[in-house]
Chemist: 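Have a look at this one.
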Amino acid sequence: MKLHYYPGCTLKQKTTALDISTREAMRRLDVELVEPEGWTCCGAEYPLTEEKIVGLAAPIRTLRQVREEGGDVVVTTCSFCYSVLKRANKAIQDDPLKHKRVNAYLRDDIQIDPLTKERTTDFADYNGEVKVLHLLEYLRDTVGYPKIRERITRDFRGLPVAAYYGCRLLRPQKEMAFDEPDSPHVFEDFLEAVGCAAVDYPFKQECCGSYLSVSLPDAATEASYRVLRSAKMNGAKAITVTCPLCFYNMDHRQEAIKAAYLDFSGLPVLFFTQILAWALGVDKELLGLGEHTVPAAALFSERPSTEVRS
Amino acid sequence: MTAPLSAKNKEKRIGLFVCHCGVNISSVVDVEKVAQVLKDYPGVTFSTDYVYMCSDPGQQMIIDTIKEKHLDGIIVAACSPTLHEKTFQEAARLAGLNPYQIEIANIREQDSWVHTDKEKATKKAIKIVKSHVAKARQNENLDPIKVDVTRRALVIGGGVSGLQAAMDIADHGYEVILVEKNPSIGGKMIQLSETFPTLDCSQCILTPKMVEVSRHPRIKLLTYHEVESVSGFVGNFKVRIRKKPRYVDETLCNLCGECEKVCPQIVPDEFNQGLSFRKAIYMPFPQAIPGTFTLDAEHCLGLNPVRCGKCKDVCDKKAIDYDMKETIVEEEVGAIVVATGFDLYTMQALGEYGGEKYLDVVNGLEFERILSASGPTGGEVRRPSDGKVPKSIVFVQCCGSRDTEKHMPYCSKICCMYTAKHAMMYRHKVPDGQAIVFYIDVRAGGKSFDEFYMRAVEEDKVLYIRGKVSKIFKEGDKLIVWGVDTLTGKKVEVEADMVVLAMAMVKADGVQDLLKKLKIATDIHGFLAEAHPKLRPVESLNAGFYLAGCAHGPKDIPETVAQASAAAAKVGDLFAQKELIHEPTVVPVNDELCSGCGICITMCPYSARTLDPERGVVVVNEILCEGCGACAAACPSGAAQQRNQTDNQIFSMLRAMLRE
Amino acid sequence: MRVKLKSGPDQRKFIARIEELSGENVFACYQCGRCSAGCPMASEMDLLPNQIIRLVQMGLEEEVLRSKTLFLCASCFTCESRCPKGIDMARVMEAVRHILDPKGKDAFGPGEISPELAKELPQQVMVSIFRKFAK
Amino acid sequence: MFEPQIMCFLCKWCTSSAADAAGTSRLHHTPNNINMRVMCSSRVDPQHILYAFKEGADGVFLGGCHPGDCHYVEGNYKTLRRITLFKPMLRDLGIDPKRLRLEWISAAEGKRYAETMTEFTEQIRALGPLHLNEKALVQEVVKDE
């Protein structure tokens, strides 16, 4: 079956590993991912003031394109994209003023016919018809973890992995939470379904430093260190993320972390889709493991170490 | 629809009195205009306005005018009828006018207080008053129906509030039936260690009361019983009470305890909040009343000698009977005191504090058990996970309270004080331990409360940090607490051995089913609603029901006891009356119009209406009729008409309100 | 230093503007401090989040606008998820930054990223920080 | 602006108490409603509602206790059944059933009462005047006035 998929800008440039592994994994689950024609960057940050309505135009334009192509669901993997798309969609549904103004901005936009590539400018108002789902949500509710368990061809043999939710996946709780907001388990359930042992640790929802990585690198280093340390202390052999920025802060920053905190000895950072893809039998070469700063390839071995599921 | 208009025969002389209520009404509603406009309205003989109608001069004016102008109906346009209807009815009675000729037009709560536009509010007031004139023109003189009172009371709940209420009512000289769902009376108070602000031992002060209640000649104690249903009305309730099988004959059990020794089933002990274990056959605590073992069928291997039967075998007294069945007890009472208590909000609701995950994060009641000499640790402060003496304890206040967003918006009132007590007790028992309290505000408004709190701070060196905790998690065998001190503006982190969460007080588990059976009103949090928040704090809106203790809202022990005594006094008031008055605004049947179709019989929830087979018409038991009017609305012929709210009166009111 | 509390139209306008932009009732805050207690960046801040909202309540515009805190907020919404009064502190922060915008230069602009670093950074981090901290 | 007339039948135990509570808390709302206190929402006969429309009401509101909370055991269920059956009849008579609204508002919900009043007024304002008193579709029911 076909499913609309919004990769977002980072996945096309710097973090292709997330994009490739997502596609490969979903193909094994009989889902063909389709990108909406002419999608653009979502803006990365949902505008938090009532007056920055123009920031909603980009995500809404993409969602409208999904609707024009007959899609009623769009999935994303990047937490930032997910947050912006879902919140913008909700704003259009709930706030008549935003609905009116964003649709007014976009009315004269250019529409591209997917078949003929013909361009038109006649648009019906977008009313929030498309449902925005995170891939984890889609795997849980639509595919179903039992089905994933059936399709698995490789066994992680209970590799202890920490699930990292970060900031945007479930917050703000009022709008975003698709799981128990203060004690979530959707990510852990996913890890268990693919044969890993989910590690419970208290920092799974703490911030990694986010965009302060650029303006205040030391603060981001410390924030990422705290998360990694907590995961490691609780026995994790790897940490999984959904977001390219979390990945950057935790993976690319590990040299800096090791330099600043001598007790820290490193922890591989994985995308959840890499784990899924490998478990479903995707070739290791297709997981984009070359993008990792902290070597992670050893975790994907046909005969994983001595870890045995208890 | 076509009921005869008895009042039509002779035009009434109606007086209108418009109240300013100081400026409460007159600042928004032009009261003079209202009185002026209504002067010429059909039926109105006299119309005036006055600054306070409810004042003595105001009432005297009404009395004098009724006499002078020979009024046979009056309208008082003032506040809600729930406040002063009785006042003005009494004034009318003094003037020789039937109290049912009084109409209250509510132009304060439902007009001047909710509107700002003077012109519109005045117009609305005029419409409201006119409708009452239209109704008053057709009001009849009515006499109250008199009913006998059953002078026995039912008290539901055997905690301190129920015990106090039962004792006081019994001491007034009336019989009391005290129903408790648990195997023993004592409630939550028996689980507490010491009580603030005096630090006297909770068990030591409660057990004498328990014994006294159990020995009182006028109190019938029904433990392990639950109220099944209540019917009837104030003064004349019929109650069905379900006796749960205890499987132990309490008159035979001599507390030898042999059964407990042989029982193979181990169950978390409710009395110790699950911090220790009991057997399936058990006595809740040593001072339990009645003093008998109880067999918990849910955890027993099967009440079957073939499967186990060990306890039965060792019982010399032959007190154990596996074939005991549920039975129903029926009682007649005149008043019901509801003292069903409270529960603590579940720690599961606050995932960020880890109460469900970490054994050493406990709630206030669990910590009471840890402090208590009769508790699982014999009164030594030891933490549940490994039995070590904690060297630092963090106390977090307002856990689930004062949170409008996800939890309870109200203040649970007692947590500030019991937290101070907890911290103080801990410092007494572990002198080298550190006690840290995170608070938002310390509310110590009771007698000697602030002194107690200051004692914790000054003498026991409890560190109070003003700020709420964001997160608690475990690292090694320490609990890391992330808080803030808003006074210095510093984010703080504490490594604690144990954390005590002052969880919000919420309605008792499962109490809503009982309250539904009683048909008594609650607030949105499930606490019992009082008849008036200031002036009738211990009565329910539903006549004959009285409230005591935390079932009504968070309270400390002295307040609970005071409220229980007040409720008992109110029951005494009721029982001191020779007879009760039943409202005469019931729905009788006009024999000439009734076809005997019986539709109204199916409508009546009180079985007040029956068909007279000989005459083929419906007859009404006016004592049973509560006057809801459902039958009147359903009657196809108009034979059922509610007294002083007939269909014609409603139509006239609608016309007066809407026509002009 | 003693702060003089004023209640003139300027103060009221500032508070009203914050409430209008953020869509939050700043007076709902009763200063429990839970936002600060959970804030991952609190240790870097000159004013804690609860102090920012307190200063807004008091109408002390200048003190709020010169705080470094505004550019330390990572919009991680931990405060939002903890606030017992349902205030989204991240929105209040953004509202203050919004007011600040026309008054000065970028708090963090594209000029501050070297070409080498730009090659390495994921796109989303640059887009998001400019959205937050640049004019 | 069109100022509709809203006729409200409020049960004494819940919604009328909520209206009093709204007053005590000074929760301002639109002044278009006029309240009649009845003992129970089940006292209201559909004929009363029709009569209200006929006499000039643009909207009719019925307020009772929440399901399970009725002071008279189950009066509100009777009301619910009646109103559900009555709405299609209203449509047949040419009255938009949206002009009749039934809500459960408990004595504790003063705020909801005030909000509901304003909301219902706006809703009726949007529907426009009914003018049934001019059209006189309903027969006179009180003959001797």
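The sequence lines fix the lettering, A, B, ..., with proteins before strands; numbering per chain opens at 1.
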Chemist: Determine yes or no for a side-chain-to-main-chain donor-acceptor pair under 3.5 angstrom, with Ser112(B) supplying the side chain and Asn24(B) the backbone.
Modeler: yes
Chemist: Tell me, do Trp104(D) and Leu80(D) make a side-chain contact under 4.5 Å, heavy atoms counted?
Modeler: yes
Chemist: For Lys33(B), which residues count as a side-chain contact (heavy atoms from CB on, under 4.5 Å) partner, sequence neighbours excluded?
Modeler: Asp30(B), Val37(B), Thr122(B)
Chemist: Suppose a student defines contact as a heavy atom less than 4.5 Å from any heavy atom of chain B. Which residues in residues 112-127 of chain D would they list?
Modeler: none
Chemist: Who among Met653(B), His132(B), Lys135(B) has the most heavy-atom pairs with chain D under 4.5 Å?
Modeler: Met653(B)
Chemist: Counting only non-hydrogen atoms closer than 4.5 Å, can you tell me which residues of residues 17-33 of chain D sit against chain B?
Modeler: Ala19(D), Asp20(D), Ala22(D), Gly23(D), Thr24(D), Arg26(D), Leu27(D), His28(D), His29(D), Thr30(D), Pro31(D), Asn33(D)
Chemist: Heavy-atom pairs under 4.5 Å with chain B: which of Cys14(D), Cys65(D), Ser16(D) has the most?
Modeler: Ser16(D)
Chemist: Is it the backbone or the side chain of Asn542(B) that comes under 4.5 Å from a heavy atom of chain D, or both, or neither?
Modeler: both
Chemist: With respect to chain B, which residue among Glu74(D), Glu109(D), His71(D) yields the maximal number of heavy-atom pairs within a distance under 4.5 Å?
Modeler: His71(D)
Chemist: Evaluate Val230(B) against Lys517(B) for side chain to side chain contact (heavy atoms under 4.5 Å, CB included), listing each step before the verdict.
Modeler: CA-CA 7 Å; Val230(B) 173; Lys517(B) 287 174 194 159; 5.9 Å; no
Chemist: Given the options Lys516(B), Glu109(B), Arg108(B), which has more heavy-atom pairs under 4.5 Å with chain D than any of the others?
Modeler: Glu109(B)
Chemist: Write out, in numerical order, the residues from residues 82-92 of chain D with a heavy atom short of 4.5 Å from a heavy atom in chain B.
Modeler: Arg82(D)
Chemist: Evaluate His115(B) against Lys124(B) for side chain to side chain donor-acceptor pair (under 3.5 Å), listing each step before the verdict.
Modeler: CA-CA 10 Å; His115(B) 304 310; Lys124(B) 184 168 173 175; 2.9 Å; yes
Chemist: Any salt bridge between Lys123(B) and Asp111(B), counting N to O under 4.0 Å?
Modeler: no
Chemist: Could you check Asn648(B) against Gln138(B) for side chain to side chain donor-acceptor pair (under 3.5 Å), going step by step and ending with a plain yes or no?
Modeler: CA-CA 9 Å; Asn648(B) 267 328; Gln138(B) 302 170 52; 5.3 Å; no
Chemist: Among Cys628(B), Cys635(B), Gly629(B), which residue forms the greatest number of heavy-atom pairs with chain D at distances under 4.5 Å?
Modeler: Cys628(B)
Chemist: Is the backbone N or O of Met603(B) less than 3.5 Å from a side-chain atom of Lys78(D), with the two atoms forming a donor-acceptor pair by type?
Modeler: yes
Chemist: Angle class for the Phe651(B)/Tyr51(D) ring planes (parallel below 30°, perpendicular above 60°, tilted otherwise)?
Modeler: tilted
Chemist: Pair Ile601(B), Arg609(B) - check side chain to side chain contact (heavy atoms under 4.5 Å, CB included), show working.
Modeler: CA-CA 5 Å; Ile601(B) 299 175; Arg609(B) 308 175 87 83; 4.2 Å; yes
Chemist: Of the non-hydrogen atoms in Leu624(B) and Ala608(B), which two are nearest, and what is the gap between them?
Modeler: CB-CB, 3.7 Å
Chemist: Could you go through His66(D) and Asn76(D), starting from their C-alpha distance and side-chain angles, then the distance that decides it, and tell me whether this counts as side chain to side chain donor-acceptor pair (under 3.5 Å)?
Modeler: CA-CA 8 Å; His66(D) 283 276; Asn76(D) 47 2; over 6 Å; no
Chemist: For Tyr606(B) and Phe233(B), run ring pair (Phe, Tyr, Trp, His ring centres under 6.0 Å): C-alpha distance rounded to whole Å, both residues' side-chain angles, the deciding distance at 0.1 Å, then the answer.
Modeler: CA-CA 10 Å; Tyr606(B) 303 104; Phe233(B) 48 92; 8.7 Å; no
Chemist: Does Thr585(B) reach the main-chain N or O of Arg643(B) with its side chain, forming a donor-acceptor pair under 3.5 Å?
Modeler: no
Chemist: Given a strict heavy-atom distance threshold of 4.5 Å, which part of Ala632(B) is in contact with chain D: side chain, backbone, both, or neither?
Modeler: both
Chemist: For the candidates Arg43(D), Lys12(D), Met39(D), which exhibits the highest count of non-hydrogen atom pairs separated by less than 4.5 Å from chain B?
Modeler: Arg43(D)
Chemist: Less than 3.5 Å apart, any donor N or O on the side chain of Asp647(B) or Gln47(D) sitting next to an acceptor on the other?
Modeler: no
Chemist: Compute whether any side-chain donor of one residue and acceptor of the other, for His582(B) and Glu622(B), lie under 3.5 angstrom apart.
Modeler: no
Chemist: Tell me, do Phe545(B) and Leu528(B) make a side-chain contact under 4.5 Å, heavy atoms counted?
Modeler: no
